[in-house]
K.L.:
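The structure is given below, and queries will be raised subsequently.
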Amino acid sequence: MPYPETFTGFQVNGPETWTEFHKNEFQPKPFGDYDVDIKIEACGVCGSDVHTISGGWGEQHFPLAVGHEIIGTAIRVGSKVSLIKEGQRVGVGAQSYSCLDCRQCKNDNETYCQKQLDTYGAKWPDTGIVSQGGYSSHVRTHEHWVFPIPDALPSTVAAPMLCAGLTAYSPLVRNGCGPGKKVGIVGLGGIGHLGLLFAKALGAEVWAISRTHSKEADAKAMGADGFLATSDRDWNVPHKMTFDLIINTANSFEGFDLDAYLSLLDIHAKWVSVGLPEDDGIKVRNQTFLTNGCFFGSSHLGSRKEVLTMLQLAADKGIKTWVQEVQINKENLAETLTKLHNNDVRYRYCLTGYEEQFGA
């Protein structure tokens, strides 16, 4: 059976028409010795997709098919590929290239490589071809960024873990989440709910922190040991200086009282922000850190090694993404992306029905 020379995807032409999806053929980058072609069967819908096509994150290369929580079957592998076998069920997340030769890459920090490229919207330096994402029939990716999916994980459960899950998992494990630690997860959305599930699976005491009590029942159902609503009076006072780590997944900093949040941290404990709001972010003052000497930072995706251990943990512990399945087509994409823009999701959308849209 011949390999497809072009792929087909649902592309957006620009931010002015970001809810209009057009089914187009496109040319992937040339197939290389280390590349894997994947026939897609499912793809999570990430907040990044909305920020990108709506113009919230600035100028992009259009027309563009987004989507970077991809699951499918490896149908072609390059001559030097050793990590993936043809016929395997595999996944691709938000990153599709790094140099693999710099200091960062050699220390399992390849997600911080200065030459890293995103799965969609990146210009391949040798050709100028723009990478296209998982709202498509296929994706072509360097083997290092293609991950075998454990049999125990359904595709729609695993897909959101490849961006949202990893975005939470990496800072959890890098900052000591585990037994005997009290961990807070700020924001119970796509990233936050997976952060809660992984923090609990890693053995920590986990508290969900949200604006109101509307998601408290869900948080408890996910295994949260406690719940804090920042709309409550003096919500932070009983828990001052008791948290070892807080992962902030919030997608908006409007009305965000940073001092109150950071007051929760123990001495030299860490606050790690992983959400990327479209607004100006948080204003930070030196005085904020003096009371407990806490550290304030961020995190970007995670390494291949972390992806593999995260997926295995999910398989071993039976972790299930809270996912709403959506058949991929123009109308459903417009409706789903609009809902996500309005925060109308519990807690991740995942696209299915690829065979019907794209065939063999």
K.L.:
Test side-chain contact (heavy atoms from CB on, under 4.5 Å) on Val92 and Leu162 and set out the steps.
P.N.:
CA-CA 7 Å; Val92 174; Leu162 296 173; 5.7 Å; no

K.L.:
Do the side chain of Lys23 and the main chain of Gln357 share a donor and acceptor less than 3.5 angstrom apart?
P.N.:
yes

K.L.:
Hydrophobic cluster membership, with links at side-chain heavy-atom distances under 4.5 Å among I/L/V/M/F/W/Y: are Ile191 and Ile209 in one?
P.N.:
no

K.L.:
Determine the interplanar angle of the Trp18 and His341 rings, folded into 0 to 90°, and report it as parallel if under 30°, tilted if 30 to 60°, perpendicular if over 60°.
P.N.:
tilted

K.L.:
Within the structure provided, determine whether Arg346 and Lys215 are in side-chain contact (heavy-atom separation under 4.5 Å).
P.N.:
no

K.L.:
Please identify which of these residues, Gln95, Lys115, His144, meets the side-chain hydrogen bond (donor to acceptor under 3.5 Å, both in side chains) condition with Glu110.
P.N.:
His144

K.L.:
Could you check whether the rings of His142 and Tyr97 sit parallel, tilted or perpendicular, using 30° and 60° as the cut-offs?
P.N.:
perpendicular

K.L.:
Parallel, tilted or perpendicular: which one describes the rings of Phe7 and Phe26, with boundaries at 30° and 60°?
P.N.:
perpendicular

K.L.:
Backbone N or O of Thr8 within a donor-acceptor pair of the Ser137 side chain at under 3.5 Å?
P.N.:
yes

K.L.:
Is a side-chain N or O of Ser263 found less than 3.5 angstrom from the main chain of Val237, in a donor-acceptor match?
P.N.:
no

K.L.:
Using a strict cut-off of less than 4.0 Å between a Lys/Arg side-chain nitrogen and an Asp/Glu carboxylate oxygen, indicate whether Glu41 and Arg89 qualify as a salt bridge.
P.N.:
no

K.L.:
Lys29 pairs by side-chain hydrogen bond (donor to acceptor under 3.5 Å, both in side chains) with which of Asp35, Asp126, Thr141?
P.N.:
Asp35

K.L.:
Which of parallel (below 30°), tilted (30 to 60°) and perpendicular (above 60°) describes Phe147 and Trp145?
P.N.:
perpendicular

K.L.:
If we only count heavy atoms from C-beta on, is the Ser299 to Tyr112 side-chain gap below 4.5 Å?
P.N.:
yes

K.L.:
Are Val206 and Lys200 close enough, and set up right, to give a side-chain contact (heavy atoms from CB on, under 4.5 Å), and what steps lead you there?
P.N.:
CA-CA 6 Å; Val206 187; Lys200 190 66 182 172; 4.2 Å; yes

K.L.:
Are Thr52 and Gln60 close enough that a side-chain donor and a side-chain acceptor fall under 3.5 Å?
P.N.:
no

K.L.:
I'd like to know whether Gln11 forms a side-chain contact (heavy atoms from CB on, under 4.5 Å) with Leu64, so could you lay out the CA-CA distance, the side-chain angles of the two residues, the decisive distance to 0.1 Å, and finally the verdict.
P.N.:
CA-CA 5 Å; Gln11 295 180 317; Leu64 183 62; 5.8 Å; no

K.L.:
Relative to each other, are the rings of Phe256 and Trp271 parallel, tilted or perpendicular (30° and 60° limits)?
P.N.:
perpendicular

K.L.:
Taking CD in Glu5 as the centre, count heavy atoms belonging to other residues, nucleotides or ligands within less than 6.0 Å. Is the count above 12?
P.N.:
no

K.L.:
Check the angle between the aromatic planes of Tyr169 and Phe198 and answer parallel, tilted or perpendicular using the 30° and 60° thresholds.
P.N.:
perpendicular

K.L.:
Quick check for you: to the nearest 0.5 Å, what is the distance between Lys270 atom NZ and Asn175 atom CG?
P.N.:
4.0 Å

K.L.:
Do Leu337 and Ile53 have side chains that get closer than 4.5 Å, going by heavy atoms?
P.N.:
yes

K.L.:
Measuring from Leu333:CG to Phe10:CZ, what's the distance to the nearest 0.5 Å?
P.N.:
6.0 Å

K.L.:
Is there a donor in the side chain of Lys182 and an acceptor in the side chain of His239, or the other way round, less than 3.5 Å apart?
P.N.:
yes

K.L.:
Any link between Leu311 and Ile84 through a network of hydrophobic side chains (Ile, Leu, Val, Met, Phe, Trp, Tyr) touching at under 4.5 Å?
P.N.:
no

K.L.:
Please check if Leu153 and Trp322 belong to a single hydrophobic cluster, counting links between Ile, Leu, Val, Met, Phe, Trp and Tyr side chain heavy atoms closer than 4.5 Å.
P.N.:
yes

K.L.:
For the CZ atom of Arg140 and the CZ atom of Arg76, what is their distance to the nearest 0.5 Å?
P.N.:
5.5 Å

K.L.:
Report yes if some heavy atom in the side chain of Gln312 is under 4.5 Å from a heavy atom in the side chain of Leu308; otherwise report no.
P.N.:
no

K.L.:
Around atom NZ of Lys320, are there more than 12 heavy atoms from other residues, nucleotides or ligands closer than 6.0 Å?
P.N.:
yes

K.L.:
Quick check against the 3.5 Å criterion: does Thr6 have a side-chain atom that pairs as donor or acceptor with the backbone of Gln27?
P.N.:
no

K.L.:
If you count the non-hydrogen atoms of other residues, nucleotides and ligands that lie under 6.0 Å from NZ in Lys220, is the total more than 12?
P.N.:
yes

K.L.:
Determine whether Glu306 and Arg174 make a side-chain contact, defined as any pair of heavy atoms from C-beta on separated by less than 4.5 Å.
P.N.:
yes

K.L.:
Show, in sequence, the C-alpha distance, side-chain angles and deciding distance for Trp235 and Phe227, and conclude whether the ring pair (Phe, Tyr, Trp, His ring centres under 6.0 Å) test is met.
P.N.:
CA-CA 10 Å; Trp235 65 272; Phe227 188 94; over 10 Å; no

K.L.:
Can you name the nearest heavy-atom pair linking Arg348 to Gly190, along with the distance?
P.N.:
NH1-CA, 3.6 Å

K.L.:
Can you measure from OH (Tyr347) to CD (Gln324) and round to the nearest 0.5 angstrom?
P.N.:
10.0 Å

K.L.:
Which atom names give the shortest non-hydrogen contact between Ala201 and Leu313, and what distance separates them?
P.N.:
CB-CD2, 4.1 Å

K.L.:
Taking Val272 as the fixed residue, which of Leu245, Asn248, Ile246 is the one that meets the side-chain contact (heavy atoms from CB on, under 4.5 Å) rule?
P.N.:
Leu245

K.L.:
Does any part of the side chain of His300, heavy atoms only, come nearer than 4.5 Å to the side chain of Gln116, both counted from C-beta?
P.N.:
yes

K.L.:
Backbone N or O of Asn109 within a donor-acceptor pair of the Asn107 side chain at under 3.5 Å?
P.N.:
no

K.L.:
Would a single hydrophobic cluster contain both Leu194 and Val186, if residues Ile, Leu, Val, Met, Phe, Trp and Tyr are joined by side-chain heavy-atom contacts under 4.5 Å?
P.N.:
no

K.L.:
Are Ile247 and Leu172 packed together at the side-chain level, in the sense that at least one heavy-atom pair is separated by less than 4.5 angstrom?
P.N.:
yes

K.L.:
Going through the distances and angles, do Leu262 and Thr291 end up as a side-chain contact (heavy atoms from CB on, under 4.5 Å)?
P.N.:
CA-CA 9 Å; Leu262 295 186; Thr291 306; over 6 Å; no

K.L.:
When you measure from the side chain of Ser298 to the backbone of Ser273, do you find a donor-acceptor pair of N or O atoms at a distance under 3.5 Å?
P.N.:
yes

K.L.:
Can you tell me how far CG of Asp234 sits from CG of Asn236, rounded to the nearest 0.5 angstrom?
P.N.:
7.0 Å

K.L.:
With clusters defined by side-chain heavy atoms of hydrophobic residues (ILVMFWY) lying less than 4.5 Å apart, directly or transitively, does Tyr261 cluster with Val274?
P.N.:
no

K.L.:
Under a 4.0 Å threshold between the charged nitrogen and the carboxylate oxygen, would Glu143 count as salt-bridged to Arg304?
P.N.:
no

K.L.:
List the steps and the verdict of side chain to side chain donor-acceptor pair (under 3.5 Å) for Gln88 and Thr73.
P.N.:
CA-CA 6 Å; Gln88 267 188 306; Thr73 302; over 6 Å; no

K.L.:
Does the Ser170 side chain pair with the main chain of Leu166, one donor and one acceptor, at a distance under 3.5 Å?
P.N.:
no

K.L.:
Looking at every heavy atom in both Lys181 and Asp244, which two are closest together, and how far apart are they?
P.N.:
CA-OD2, 3.4 Å

K.L.:
Indicate yes or no: at least one non-hydrogen side-chain atom of Ser131 is less than 4.5 angstrom from one of Thr119.
P.N.:
no

K.L.:
I'd like to know if the side chain of Ser96 reaches the main chain of Asp118, judged simply by a donor and an acceptor atom lying under 3.5 Å from each other, with no hydrogens or angles considered.
P.N.:
no

K.L.:
Is the side chain of Asp49 donor-acceptor paired with the backbone N or O of Cys46 at a distance under 3.5 Å, no angle test?
P.N.:
yes

K.L.:
So, Ser231 side chain and Arg211 main chain: donor-acceptor pair closer than 3.5 Å or not?
P.N.:
yes

K.L.:
Among Phe295, Phe243, Phe296, find the one that has a ring-ring contact (aromatic ring centres under 6.0 Å, His included) with His268.
P.N.:
Phe295

K.L.:
Let me confirm one number: the CD1-OG distance from Ile70 to Ser155, rounded to the nearest 0.5 Å.
P.N.:
12.5 Å

